[in-house]
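Worksheet: one structure, shown below.
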Amino acid sequence: MQNENTTIDMVNGLAEIADYMEDEELTTALTFIAKIIIKPDIPIQVASLEIVRLQAIAAKMSLKATWMANVDKSNRAKKNIYYTAAESINSLVSALKYLIR
C-alpha cells in the first residue's frame, strides 16, 4: 500500500479522495489513474488486464452508490463520489478498449 500511496500522492487531489472514501478498490482505481496521468504510455498487455479489473471496480462503485441512494441514505457525499467514480472509471475503460484495438 505504501507504493500506491506514493503514486497517488503525486497527482493533486487523488490521495484526499482515497483517504476520505476509505475504499480499497477505489484507491486501486485512483492509483491506476495517477499512474496514467504520470506516464500515459500504457503497454497493451497492461491495458488488457486493467480493463477487466477497472470494469469490475466501476460495477462495484455503481452498485454501492445505488445502495446508498436507496437503502443506506446516511452518507450523501460518499454516494455522489461513488456515482462519479463509476462513470469516470467506465470512461477510462472505454479509452483503454480503444487503445488495444
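The analysis underlying the following values was restricted to heavy atoms, covering all of them including side chains, and did not include hydrogens, waters or symmetry mates.
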Legend entry - Partners passing side chain to side chain donor-acceptor pair (under 3.5 Å) against Asn80 (at least two apart in sequence or in another chain):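 Asn80 satisfies side chain to side chain donor-acceptor pair (under 3.5 Å) with no other residue.
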
Is it the case that one hydrophobic cluster holds both [X] and [Y], taking links as side-chain heavy atoms less than 4.5 Å apart, direct or via other members?
{"X": "Ile44", "Y": "Val46", "value": "yes"}
{"X": "Val11", "Y": "Tyr20", "value": "yes"}
{"X": "Leu63", "Y": "Val52", "value": "no"}
{"X": "Ile17", "Y": "Tyr83", "value": "no"}

Spatial distance of atom [atom1] ([X]) from atom [atom2] ([Y]) [nearest 0.5 Å]:
{"X": "Ile57", "Y": "Asn90", "atom1": "CD1", "atom2": "CG", "answer": "11.5 Å"}
{"X": "Ile89", "Y": "Gln55", "atom1": "CD1", "atom2": "CD", "answer": "9.5 Å"}
{"X": "Leu54", "Y": "Ser91", "atom1": "CG", "atom2": "OG", "answer": "12.0 Å"}
{"X": "Ile37", "Y": "Met10", "atom1": "CD1", "atom2": "CE", "answer": "11.0 Å"}
{"X": "Lys35", "Y": "Ile42", "atom1": "NZ", "atom2": "CD1", "answer": "11.0 Å"}

Looking only at heavy atoms, which two atoms of [X] and [Y] are closest? And how far apart?
{"X": "Met68", "Y": "Asn75", "value": "CE-O, 3.5 Å"}
{"X": "Ser48", "Y": "Ile100", "value": "OG-CG2, 3.9 Å"}
{"X": "Ala86", "Y": "Ser62", "value": "CB-N, 3.7 Å"}
{"X": "Leu26", "Y": "Asp23", "value": "N-OD1, 2.9 Å"}
{"X": "Ile8", "Y": "Leu30", "value": "CD1-CB, 3.5 Å"}

Inset, instruction - Return the set of residues passing salt bridge (charged side-chain N to carboxylate O under 4.0 Å, His left out) with Lys64 (not counting sequence neighbours), or none when no residue passes. - result: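 Salt bridge (charged side-chain N to carboxylate O under 4.0 Å, His left out) list for Lys64, sorted by chain: empty.
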
Inset, instruction - Determine whether more than 12 heavy atoms belonging to other residues, nucleotides or ligands lie under 6.0 Å from atom CG of Asn70. - result: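 Yes, CG of Asn70 has more than 12 neighbouring heavy atoms, counting only those of other groups under 6.0 Å.
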
Legend entry - Of all pairs that satisfy salt bridge (charged side-chain N to carboxylate O under 4.0 Å, His left out), the ones with a partner from residues 77-101, not counting sequence neighbours: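 Passing the test, one end in residues 77-101: no pairs.
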
Inset, instruction - Please test Leu92 against Ile36 for side chain to side chain contact (heavy atoms under 4.5 Å, CB included), starting from the C-alpha separation and ending with a verdict. - result: CA-CA 10 Å; Leu92 176 58; Ile36 292 173; 3.8 Å; yes

Legend entry - Phe32 side chain reached by Thr7 side chain, heavy atoms, under 4.5 Å: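 Counting from C-beta outward, Thr7 and Phe32 never come under 4.5 Å.
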
